[in-house]
Amino acid sequence: MICSKCGQRAILSQRYSGLHLCQDHFVEDFERRAAETVRENDMVKDGERIAVAVSGGKDSTALLLALAKILEGRNVEMVAVTVDEGIAGYRDDTIKAARSICERLGVEQRIVSFQEEFGFKLDEIVAGKNEAPCTFCGVFRKSALNRAAKLLGATKVATGHNLDDEAQSVMMNYLKGDIERLLRFRPRREQPGLVPRVKPLRDIPEKETALYCMVKGAYTESRECPYAQLSLRADVRDMMNSIERLFPGTRQSTLRGFERIAAMAKGKWTGIDLLKCRKCGEPCVRDLCKACELLERLRL
Ligand SMILES: [Zn+2]
Ligand SMILES: [Zn+2]
């Protein structure tokens, strides 16, 4: 298999584009597409301070590497935020990986833990419960990231969500019939107390974020979170992967279809004004935020 652009040995075959790419042309393609996503969606303005969520996994490592390249020479600051959920035997290794990529790129890193923020590790929160840990984890992680970003004076939070993640989230909201949440996925306006979130890798497939890390010499722990198999997302991921194998480009068309729906809803659905949580002060839909509501429900 040879590169469609130069005739060197190809390391990737993009079935959705029909291109074969060598190492150099793959890196060029990856960074160009991430830069396009950032530019077309006006994700980063000059003078901004971006809090980059860096877990140490492949997606966030690729995100930090790509942003360092894309933002080179621009008046934009980056600070890495690593959330330690407290998952024994999994998170310790990824935190080490996160520290090393931050050191390599000279990016300041701040670690925030569920233990410090909420008083409990995720392992303790889910022990003996029948509910999917990802629900708790996602809610608490979002809250911890938002709070850390505000403390660090960041104007945006960047996360490493890739094309697979995005297509899965859209499909999950369809399956659950959760239109409000679906539309909240592309917020149309800023809300007080909520640092706007951007996803520069949202048009890049998961497989390519892993390959990008490898090519860039950043070793990342490929093991997945021990709780991942317990969620609806795991089933949706398997389903989307088999459809993608049969019909390359399905992830992109899922996301494009959703963008069209979001555009049609513009003006009709502006979302509600967020309130302040009476317990922790974080922005929320009702008077108690989801994190505080879960903590109460768990009687922690
Ligand atoms: Zn090439
Ligand atoms: Zn709260």
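This is a predicted model, so every value here is computed, not measured. Counting starts at 1 for both ligands and their atoms, in listed order.
- Taking the centre of each ring, Phe140 and Phe118 come in below the 6.0 Å mark.
- Distance check for Cys277 against the Zn ion (ligand 2): an N/O/S atom falls below 2.8 Å.
- In this structure, Lys142 does not pair ionically with Glu282, as no charged nitrogen and carboxylate oxygen lie closer than 4.0 Å.
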From CA spacing to verdict: salt bridge (charged side-chain N to carboxylate O under 4.0 Å, His left out), Glu293, Lys290: CA-CA 5 Å; Glu293 189 194 306; Lys290 202 82 192 143; 3.6 Å; yes
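- Relative orientation of the Tyr212 and Phe26 rings is perpendicular, given thresholds of 30° and 60° on the angle between their planes.
- Vertex the Zn ion (ligand 2), arms ending at SG of Cys289 and SG of Cys280: the angle is 110° after rounding to 10 degrees.
- With the Zn ion (ligand 1) as the vertex, SG of Cys3 and SG of Cys22 span 110° to the nearest 10°.
- The Zn ion (ligand 1) sits nearest to atom ND1 when only the N, O or S atoms of His25 are considered.
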